[in-house]
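Before I ask anything, here is the structure I am working with.
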Amino acid sequence: MSAPAARFDRGHTDDLMSFLAASPTPYHAVANTAERLEKAGFRQVAETDAWDGSSGGRYVLRGGAIVAWYVPEGAAAHTPFHVIGAHTDSPSLRVKPQPDTGAHGWRQVAVEIYGGPLLNSWLDRDLGLAGRLTLRDGSTVLVNVDRPLLRVPQLAIHLDRTVSSEGLKLDKQRHLQPVWGLGNDLRDGDLIAFLEAEAGLAAGSVTGWDLMTHPVEAPAYLGRDRELVAGPRMDNLLSVHAGAAALAAAATSGAALTRIPVLAAFDHEENGSQSDTGADGPLLGTVLERSAFARGGSYEDRARAFAGTVCLSSDTGHAVHPNYAERHDPTHHPRVNGGPILKVNVNNRYATDGSGRAVFAAACEKAGVPFQSFVSNNSMPCGTTIGPITAARHGIRTVDIGVAILSMHSVRELCGADDPFLLANALTAFLEG
């Protein structure tokens, strides 16, 4: 569906690239999102504290998830919510509980496969290491070694002559363990001791960790006219960034908001969302309920608010691939820089229905943003998102949308340089109602 396109703002995409580079893990992503919202006047509230019903912007942090909302002046307890849903996690190689390993004079780090990465894209990449360190008192510290530290070396073709004819075959246990140095004396605790020093912590102070590798190559414009962007973790930090920009814009625009705008960015989407920080957990519902109750609401007010609530589940989708066009539906070929996509699947792998389409179409029309439709080829299984989970768990109308990209789940994905800004504009129009 076409509409007069909003003017492309290169500054938004520049900012997205900075956000991607600064957010190698879900924990960094939510910290950076919170910092941006703080600049727009939001303040953090603790889940263990009593909440008041005053107006303004608030957010809750829990692990790799953030839920932020803005209560307009005079909002009633039964005022519905407009929610942008996204996720902070991406497929990666994550450090095991006993990380120090190696063989034949090589020092290695033991990793486990998180989600469904394109494994070949992690080979021969300069990798950093980042995540969350937990101290003896239960507090946490973020760490980010954002320089070449690890590498998963590929086997030379001379030692595997079949790779050209039969394709690359990787064993997830044996072939994905990165090297990070030399030495035959492998001592338990070396990696964590190294990270304690990197984070400026006392030796032996770390008792728990959630660590993952990341490529250190910076996001970059690509193409003759720089009309493309290549970078890591676009699935789905592109949506987190756009959602945060939209929420900040809605909160500071002075518009007369008739809905309470919300950003919910969850962790663990890539492995099923079943955690206390995932979309299949109670976090979003608890926050929305407590917001209504803090404004003097009853269960009846909560039910009325949820009945009028709409969620846009924003996640990346598949642009038509020029080398594999037959893998796409023949009548639905989303193109990069063609505007956000509306994702539809009649078997409810996406939550969109006709009434949801109308909601998104109205937001795009208001923003002057074109949008496209995506469906999977009937002969291929369809992926899914937090959309159906959100709809089923909370009983709220949900619409699946996103930005079309190439190389999804690669260590380095590709999108159009215009599309992040177009998505943010559509999301802002949705939140402003």
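Just so we're clear, the structure is a prediction, and the values are computed from it rather than from any experiment. In what follows, residues are counted from 1 in the order of the sequence shown. Note that these values count all heavy atoms, side chains included, but never hydrogens, waters or copies made by symmetry.
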Ignoring hydrogens and angles, tell me if any N or O in the side chain of Thr88 forms a donor-acceptor pair with the backbone of Phe266 under 3.5 Å. yes
Can you confirm whether the side chains of Asp146 and His214 place a donor and an acceptor under 3.5 Å from each other?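 There is such a pair between these side chains.
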Mutual orientation of the aromatic rings belonging to Phe306 and His394 [parallel < 30°, tilted 30-60°, perpendicular > 60°]: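 If you compare the ring of Phe306 with that of His394, the planes turn out perpendicular.
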Neighbour count above 12 (heavy atom, 6.0 Å) for Glu227 CD: yes
Between the main-chain N or O of Glu47 and the side-chain N or O of Arg290, is there a donor-acceptor pair closer than 3.5 Å? yes
Least distance between heavy atoms, Ile157 atom then Ser164 atom: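 Where Ile157 meets Ser164 most closely, the heavy atoms are CD1-OG, 3.5 Å.
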Say whether Thr398 and Asp400, considering side chains only, have a donor N or O and an acceptor N or O under 3.5 Å apart.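 Side chains of Thr398 and Asp400: no pair found under 3.5 Å.
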Quick one: list whatever passes salt bridge (charged side-chain N to carboxylate O under 4.0 Å, His left out) with Asp225, sequence neighbours left out.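 Per chain and number, Asp225 pairs via salt bridge (charged side-chain N to carboxylate O under 4.0 Å, His left out) with no residue.
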Sidechain-backbone polar pair: Asp329 side chain, Asn377 backbone, donor-acceptor under 3.5 Å: no
If you apply the rule side-chain contact (heavy atoms from CB on, under 4.5 Å), what do you find for Leu135 with Val206, and how did you get there? CA-CA 5 Å; Leu135 309 184; Val206 172; 3.9 Å; yes
Is it the case that Thr385 and Asp315 place a side-chain donor and acceptor less than 3.5 Å from each other?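 Not at all, the side chains of Thr385 and Asp315 share no donor-acceptor pair under 3.5 Å.
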side-chain contact (heavy atoms from CB on, under 4.5 Å) evaluation trace for Val152 with Arg125: CA-CA 7 Å; Val152 182; Arg125 294 272 185 179; over 6 Å; no
Asp235 side chain to His87 side chain, donor-acceptor N/O pair below 3.5 angstrom: yes
Could you list the residues that satisfy side chain to side chain contact (heavy atoms under 4.5 Å, CB included) with Arg94, not counting sequence neighbours?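 Expected list: Pro26, Asp89, Ser92, Tyr114, Met212.
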Looking at residues at least two apart in the chain, or sitting in another chain, which of them share a salt bridge (charged side-chain N to carboxylate O under 4.0 Å, His left out) with Asp171? Arg174
State, to 0.1 Å, how close Leu133 and Ala199 come at their nearest heavy-atom pair, and which atoms those are. CD1-CB, 4.2 Å
Could you tell me whether the side chains of Tyr27 and Asn144 share a donor-acceptor contact shorter than 3.5 Å?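 Asn144 and Tyr27 do not have a side-chain donor-acceptor pair below 3.5 Å.
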Please work out which of the three classes, parallel, tilted or perpendicular, describes the rings of His333 and His328, given edges at 30° and 60°. perpendicular
